[in-house]
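I have placed the structure first, in the form of structure tokens, so that the comments after it can refer back to it.
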Number of protein chains: 2
Amino acid sequence: MTDKKTIKVETTFSGAGYIPNLAIDVVIFGFHDKQLKVLLMKYNRTEFYALPGGFIKNNENLDTAAMRVALERTGLTDVFLEQFYVFGDINRYDPTPFAAIMEANDTKPDKDHFLLQRFISIGYFALVDFTKVTPTPDKLFDSCNWYELNAMPALIQDHTSIINKALETLRAKLDDKLIGFNLLEENFTMGELQNLYETILDKKLLRPAFQRKILALGILERIAKKYSGAAHKAPYLYRFVSK
Amino acid sequence: MTDKKTIKVETTFSGAGYIPNLAIDVVIFGFHDKQLKVLLMKYNRTEFYALPGGFIKNNENLDTAAMRVALERTGLTDVFLEQFYVFGDINRYDPTPFAAIMEANDTKPDKDHFLLQRFISIGYFALVDFTKVTPTPDKLFDSCNWYELNAMPALIQDHTSIINKALETLRAKLDDKLIGFNLLEENFTMGELQNLYETILDKKLLRPAFQRKILALGILERIAKKYSGAAHKAPYLYRFVSK
DNA sequence: TATTATTGTAACATAATGATACAATAAATC
DNA sequence: GATTTATTGTATCATTATGTTACAATAATA
């Protein structure tokens, strides 16, 4: 979907070489300014917003396809990726946006065009270091940008509920696992980590209890202090160690 | 796949009307004799064992397809079903068993036959009341039977790891949710429930703590006592109430 | 040197869970 | 009918985890 040269070729994508009726949507989460954000795409010459997505090549692993989508949008080769749900209701797929997108790009698709069929979509979520990402649109898209969760444009199809389900899964797994660390830079303060948890869980946590619990996991290594220049005690920096 | 009349017709299943490259496998769990069991199928005139599975009709919801598979194998219309993972590695699908199965049933499939393509399989697990199930094979199968988890035959493809992943998911969800109740009959004793938990989690639990925790959930209703005829105090029966 | 904002952690309170103990009791045995 | 046996229901205490308050330490500023 990205190795073609012109918009014309892009939008006449035939689906050859790809598995039909099956798509991948990737909810790419980033954390910045005490806000959880997702990467969204806007289709060329339309007002249709959508999640980054793609199709699966005939000889490609699912995870590889998801990784490929994440790489194309972020520029990152090593992101935390997890498959979380498959969206397969018959009425989830409305071909009219796609038809409109193709028309807006001067293509008249057949009614049985690859892109106008029913699609079952496998949902992945990615956790990335916001500061390392270069959001990159595709030839089919005007833009690729970060949006705060509570300031998103309307999305095509069921993409809003895909994001909600991803968020739900993220919240549920945050406790047992330590996947939250994948949203921070390599070194971070306890306050930054707590901020992240509070944002994802959407509730305040008590500082002493949070610090005690996280440190008890035994997976953080304390490094130097971080002198921010502010007029107060400097916090320690921590780093994740995967013993 | 089940509305045809003869083995000949069955095994010449063309896939018309179904989504290609996409399958559903259902891990049907039952609990009996203090053992967790799964329903497995054996293909006609072969030694190939497999999970109950099927394909998705062009106009069918994923969940409906899974429900249909569960119904066909158990006779139950109302089972607890949950989608847990998609298995989509390219090398997971080995067409030789299917080719052998078709040959054993006097069919010579084309190389590009629907069933010999790569398949991505959506895993569901079902929790059923063992006592209510009538395991029913299909015309393609010699048998459909319960097997204890630690006494299963070798399974085709990656079906063993599908079962393992299902079990892993079941264990993880047992704690927060109360999905374990779907494996018992309507009325059950605390001891039976504890047995179930111990079997699934594969570890002993302390009786007083277990009872206290479960009752604290506030979702059990105590009914009459159960006089089993044994020479000891009769336990109470409980019933799940979904307030 | 005092002030300010924030951090690190001690200390205590409360809740959840782990463990032991024992009375209650349904049926069989004497 | 009293005694025995196995199991259940639950009280009680111990331990651990979590919630909450308090306060000293400290980096920069005034």
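Proteins get letters first, then strands, A, B, ... in listed order; numbering begins at 1 in each.
- Residue contacts for Pro235(A): at a heavy-atom cut-off of 4.0 Å it reaches the sugar-phosphate backbone alone, with no base atom in range.
- Distance Leu206(A) CG to dT9(C) C1': 14 Å, rounded to the nearest Å.
- Note: Phe130(B) and His32(B) have parallel aromatic rings, judged against thresholds of 30 and 60 degrees for the angle between ring planes.
- Neither OP1 nor OP2 of dT8(D) sits under 4.0 Å from any side-chain N or O of Gln211(B).
- Here Arg68(A) pairs with Glu60(A) in a salt bridge; the nearest charged N to carboxylate O distance falls below 4.0 Å.
- The nearest whole Å value for the distance from the NZ atom in Lys204(A) to the C1' atom in dT21(D) is 18 Å.
- Atom C1' of nucleotide dT8(D) and atom CZ of Phe210(B) are separated by 14 Å, given to the nearest angstrom.
- The side chain of Lys213(B) approaches dT17(C) more closely than any other nucleotide in the set dG9(D), dG18(C), dT17(C).
- Between Tyr236(B) atom OH and dT8(D) atom C1' the separation is 10 Å, expressed in whole Å.
- Salt bridge Glu198(B)/Lys203(B): absent, no basic N to carboxylate O contact under 4.0 Å.
- The side chain of Arg212(A) approaches dG19(D) more closely than any other nucleotide in the set dG19(D), dG18(C), dT7(C).
- Within the nucleic acid shown, Ala209(A) comes within 4.0 Å of at least one base atom, counting heavy atoms only.
- Atom pair Leu205(A):CG and dT20(D):P shows a separation of 11 Å (rounding to whole Å applied).
- Of the candidate nucleotides dA19(C), dG9(D), dG8(C), dA19(C) has the atom lying nearest to any side-chain atom of Pro208(B).
- Going from atom CD1 of Ile214(B) over to atom P of dT17(C) covers 11 Å, rounded to whole Å.
- Note: CD (Gln194(B)) to P (dT8(D)) measures 9 Å, nearest angstrom.
- For Lys233(B), the listed nucleotide lying nearest its side chain is dA24(C); candidates were dT20(D), dA24(C), dT7(C).
- Distance from the side chain of Arg207(B) is smallest for dT8(D) among the nucleotides dG8(C), dT8(D), dT17(C).
- Residues Phe55(B) and Phe119(B) place their aromatic rings such that the two centres sit under 6.0 Å apart.
- Here dG9(D) presents its C1' atom at 16 Å from CD of Glu192(B), a figure rounded to the nearest Å.
- Not less than 6.0 angstrom separates the ring centroid of Phe31(A) from the ring centroid of Phe29(A).
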